[in-house]
Amino acid sequence: MPHDLEPVALRDELIELGDAFRAYQQSSELDLARLASLHDRKALAFATWAEVAGDGGLRAEARRAERAAAAARFQHAQRTSQGVEGSVARVLTSVHQWEHARSVLAYVGEHVPVPGPEGRLLVLMLTLRTALSGSGNVTGQDLTSWGLSDAAGALQEVVDTGWLRTDGTVADLLASGSDNPAHVIVPSLLPHSDGHGPFSFGKAVRPKLSGWAQKVVGERTLRKKKVPAAARLLALVCAAHSSADGRLGPFGRGLEVETLTGLCAVRGTELGELVKQLVAVEWLTDVSVTDTHVTGRLCERVLAFSCPVSAG
């Protein structure tokens, strides 16, 4: 560590951390909760140091520390049978699945053919249905469960752009059921000549990602309270960009307003109201909204939908 590292508070924290780790190593007692806390502090300190120094190696060390904290917390949960964040039974169960979920959200944000949250949510859910082959089956019940206020209008809009093709009409798709699902094609997702499309996950992962998104947007309370598409999108984005204990953003630092509005297809002035809706249905808590960031955490009842993210 450079002796002249600035700010002084960061240098002092790194020195204290070194002393704390040495003290822990010399202790004869195994305290995994304490170890997890130390790794959390290290992750935050190294992430801050990386920003100051612009050093990719320090960012990698911060990510390793966050993974070490999660591992220690999980071991603590296993030893004590406590329901802490490491023992959360998540819908998506691996780091790779979490990263793929975020990659699909980002891809749709960059390639959606229509404006607005209704079209964005529709395109996201259809993308997950057709991600690898470029085609899939959809029913009218699916569309109803996604919380679209004007499913027919949203469908017609994406059909008119050429992004979506269906064998029949929009009305036929909406009337289809599980015994006669509508077949749809998304040309931009059809495999290229090499057999690959825009996504790198395999056939076993696609239905897991689709199922995760379906469970989030169709979650009982969101459905019962008739939460609009924009808020359901925000619920998905928050779940996909939270720390291991449910805090928004890497290390719980919050999510940038610009990122949220981009992924949810809303204006910054609309974001505060959407956050309030998610607080009201106990999706988010301890929330603070500023001009630049939204901080807070997922409520315990929805932690199962979270996809822990590392900094960097």
Side-chain angles (χ1 to χ4, degrees), residues 1-90 92-99 102 238-256 284-288 293-300 303-304 306-312:
M1 180 181 65
H3 71 278
D4 58 347
L5 177 64
E6 298 287 345
V8 174
L10 173 60
R11 186 171 74 244
D12 290 345
E13 170 66 357
L14 289 168
I15 292 172
E16 289 180 14
L17 266 175
D19 293 340
F21 270 107
R22 281 189 290 273
Y24 179 82
Q25 290 166 358
Q26 294 169 4
S27 174
S28 59
E29 295 184 7
L30 180 64
D31 187 343
L32 291 169
R34 178 186 171 197
L35 180 60
S37 178
L38 288 175
H39 280 301
D40 279 335
R41 286 178 60 189
K42 179 181 177 181
L44 180 56
F46 271 71
T48 304
W49 190 3
E51 291 181 4
V52 172
D55 189 326
L58 293 172
R59 291 190 183 93
E61 187 64 32
R63 289 193 292 270
R64 282 193 288 271
E66 188 177 54
R67 289 194 292 269
R73 200 169 281 115
F74 178 77
Q75 293 173 26
H76 177 68
Q78 294 293 94
R79 280 173 165 267
T80 61
S81 299
Q82 292 176 358
V84 295
E85 40 301 332
S87 63
V88 172
R90 291 184 168 86
L92 297 179
T93 57
S94 72
V95 171
H96 293 305
Q97 291 175 15
W98 304 335
E99 291 173 348
R102 288 187 284 273
C238 289
H241 297 82
S242 58
S243 64
D245 59 358
R247 292 172 296 158
L248 299 186
F251 306 130
R253 290 176 166 178
L255 294 170
E256 294 183 355
L284 294 177
T285 188
D286 301 334
V287 170
S288 173
H293 285 78
V294 175
T295 57
R297 61 182 175 85
L298 301 178
C299 291
E300 185 175 352
L303 273 178
S306 64
C307 301
V309 60
S310 298

Check: Say you draw a straight line from CZ of Arg63 to CG of Leu58; how long is it, rounded to the nearest 0.5 Å?
Finding: 11.0 Å
Item checked: Distance (rounded to the nearest 0.5 Å) between Asp55 CG and Trp49 CH2 -> 8.0 Å
Check: What closest approach, in Å, do Ala304 and Ala89 show between heavy atoms, and which atom pair accounts for it?
Finding: CB-O, 3.5 Å
Note to self: Counting C-beta onward and ignoring hydrogens, is there a side-chain heavy-atom pair between Phe21 and Leu38 closer than 4.5 Å?
What the structure shows: yes
Margin query: Determine whether Arg102 and Glu99 satisfy the following criterion, salt bridge (charged side-chain N to carboxylate O under 4.0 Å, His left out), listing intermediate values before the conclusion.
Written below: CA-CA 5 Å; Arg102 288 187 284 273; Glu99 291 173 348; 5.1 Å; no
Next item on the list: For residues Gln97 and Arg90, determine if any side-chain heavy atom of one lies less than 4.5 Å from a side-chain heavy atom of the other.
Entry: no
Check: So which heavy atom on Ala62 is nearest to which on Ala47, and how close?
Finding: CB-N, 3.7 Å
Margin query: A side-chain contact here means heavy atoms from C-beta on lying under 4.5 Å apart; do Leu44 and Arg253 qualify?
Written below: yes
Check: Out of curiosity, Ser243 OG to Arg297 CZ, how far, rounded to the nearest 0.5 Å?
Finding: 10.0 Å
Next item on the list: Check whether any side-chain heavy atom of Leu284 lies under 4.5 Å from a side-chain heavy atom of Leu248, and answer yes or no.
Entry: yes
Check: What heavy-atom pair brings Trp98 and Ser306 nearest, and what distance separates the two atoms?
Finding: NE1-O, 4.1 Å
Item checked: Heavy-atom closest pair, residues Leu298 and Ala239 -> CD1-CA, 4.1 Å
Notebook entry, point to check: Which pair of heavy atoms, one from Gly254 and one from Thr295, lies closest together, and at what distance?
Noted result: CA-CG2, 3.7 Å
Next item on the list: Taking all heavy atoms of Gly246 and all of Leu303, pick out the closest pair and write down the distance.
Entry: CA-CD2, 3.6 Å
Next item on the list: Among His39, Arg22, Lys42, find the residue that satisfies the side-chain contact (heavy atoms from CB on, under 4.5 Å) test when tested with Leu17.
Entry: Lys42
